[in-house]
Amino acid sequence: MNSVALVTGASRGIGRATAILLAEQGYAVGVNYLNNEAAAQSVVDEIISGGGNAIAIKADIADEAQVVAMFKRLTDELGTLTALVNNAGILFQQSTIENLTAERINTVLSTNVTGYFLCCREAVKIMSHRHGGKGGAMVNVSSAASRLGAPGEYVDYAASKGAVDTLTTGLALEVAAYGIRVNCVRPGLIYTDIHASGGEPGRVDRVKANLPMQRGGQPEEVAQAICWLLSDSASYVTGSFIDLAGGR
Ligand code: NAD
């Protein structure tokens with residue numbers, strides 16, 4: 001089966017590392033991005049210079065029409081989707097609940113939850129045996145925050161990731177008979193730009209000091225788990241969660 005993957009939010013961070021590793025493993029990769037075309041193109045260029053195949057696709061995953069158009073373009077230019085990585089996510093500055101606005105809560109939920117649902121929906125339409133598809137696999141990128149709740153910091157983000165966990169469980173059961181596996185990774189502290197917008201100075205060091213492994217993780221360490229879950233090596237794994245949180 002030709003392997004075609006879509007990675008959302010792949011211009012940097014965990015998505016970037018995952019797109020590059022998938023390409024190394026032979027997938028043609030759709031590199032989704034929101035704004036930074038140059039960064040997405042640099043991922044594509046790196047993949048192509050390594051002998052792989054990739055295209056950059058601009059789309060806001062919270063926008064239904066843009067998601068539908070993204071999957072159409074991916075199919076037209078790379079072929080039938082076999083792997084989806086729901087990775088694009090947002091995290092706002094730390095806040096107690098008294099200061100959470102409806103606008104912020106809705107923005108977080110629209111990307112971190114609605115965006116994941118929309119991409120899963122479009123992927124199922126392509127992969128499902130019910131629709132004549134050949135099956136496939138998905139990985140949702142959640143967070144250790146879904147278990148820990150992120151009290152006093154970003155309970156909105158944590159709740160959105162709780163929804164990602166439940167989406168994974170429910171969808172895995174719904175589509176298991178149709179040749180689709182759905183799994184989830186829950187990173188802890190991973191060194192990416194997301195912390196530039198989400199935390200006070202020094203937060204990363206404070207969190208790190210409390211981790212059993214005494215260090216944060218690298219995006220490539222998360223990418224390895226995602227790629228394994230998508231691979232045939234994980235052919236009997238669905239509805240499962242891998243925690244990548246240094247023992248936390
Ligand atoms: P990041 O900020 O480097 O990457 C996130 C990417 O998603 C960015 O490129 C951003 O532009 C994109 N994005 C945001 N909203 C989008 C939208 N509406 N449509 C399309 N793209 C959008 O952060 P990261 O750490 O690589 O995060 C990747 C995933 O990992 C996220 O879901 C995040 O919640 C999760 N995560 C990260 C950590 C961590 O410590 N870095 C921990 C737990 C979970």
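Whatever order the structure lists ligands and atoms in, that order sets their numbers, starting from 1.
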Checklist entry - Would Cys119 and Phe71 satisfy side-chain contact (heavy atoms from CB on, under 4.5 Å), going step by step from the backbone distance to the final call? => result CA-CA 8 Å; Cys119 291; Phe71 278 81; 4.0 Å; yes

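Counting protein heavy atoms under 4.0 angstrom from atom 20 (C) of ligand 1 gives one or more.
Within the 4.5 Å cutoff, the side chain of Val222 has no heavy atoms near those of the Thr18 side chain. Considering only heavy atoms from C-beta on, Gln224 comes within 4.5 Å of Leu21 through its side chain. Taking the side chain as every heavy atom from C-beta outward, Thr8 and Tyr116 never approach each other to under 4.5 Å. In this structure, the side chains of Arg147 and Arg248 stay at 4.5 Å or more apart for every pair of heavy atoms. In this structure the side chain of Val31 never reaches within 4.5 angstrom of the side chain of Val7, judged on heavy atoms.
A donor atom on one side chain and an acceptor atom on the other are found under 3.5 Å apart for Asp165 and Ser142. Using a 3.5 Å distance cut-off with no hydrogens or angles, the side chains of Thr101 and Glu103 do not pair a donor with an acceptor.
Heavy-atom proximity to Ile90, at under 4.0 Å, picks out these atoms of ligand 1: 14 (C), 15 (N). Residue-ligand proximity, Ser143 to ligand 1, at heavy-atom distances under 4.0 Å covers atoms 43 (C), 44 (C). Counting atoms of ligand 1 from 1 in the listed order, those under 4.0 Å from a heavy atom of Gly89 are 5 (C), 7 (O), 14 (C), 31 (C), 32 (O). In summary, the atoms of ligand 1 found under 4.0 Å from a heavy atom of Ala59, numbered by their order in the structure, are 19 (N), 20 (C). Every atom of ligand 1 is numbered from 1 in the order shown, and the set under 4.0 Å from a heavy atom of Tyr116 is 32 (O). Distances below 4.0 Å separate heavy atoms of Leu189 from the following atoms of ligand 1: 40 (O). Atom numbering of ligand 1 starts at 1 in the shown order; those under 4.0 Å from a heavy atom of Asp60 are 17 (C), 18 (N), 19 (N). Numbered from 1 in the order shown, with element, the atoms of ligand 1 that lie under 4.0 Å from a heavy atom of Asn32 read 20 (C), 21 (N).
Between the side chain of Arg181 and the backbone N or O of Val237 there is at least one donor-acceptor pair closer than 3.5 Å.
Ligand 1 has no atom lying under 4.0 Å from any heavy atom of Arg16. Ligand 1 does not have Arg186 within reach: every non-hydrogen atom of the residue lies 4.0 Å or more from it. Within the 4.0 Å heavy-atom cutoff, Ser11 counts among the residues contacting ligand 1.
Screening Asn112, Thr168, Asn140 for a side chain to side chain donor-acceptor pair (under 3.5 Å) involving Asn86 leaves a single residue, Asn140.
Counting protein heavy atoms only, atom 2 (O) of ligand 1 is closest to Arg12 NH2, 2.7 Å. Atom 24 (P) of ligand 1 has Thr192 OG1, 3.4 Å as its closest protein atom, hydrogens excluded (heavy atom only). Residue, atom and distance of the protein heavy atom nearest to atom 33 (C) of ligand 1 are Tyr157 OH, 3.5 Å. At the shortest separation from atom 27 (O) of ligand 1 among protein heavy atoms lies Ile194 CD1, 4.0 Å.
If you check each of Val67, Leu91, Ile14, Leu244 against atom 26 (O) of ligand 1, the one with the closest non-hydrogen atom is Ile14. Among Ile61, Val164, Asp193, the residue whose heavy atom lies nearest to atom 17 (C) of ligand 1 is Ile61.
Note that the CG atom of Leu91 and the OG1 atom of Thr111 stand 12.0 Å from one another [nearest 0.5 Å].
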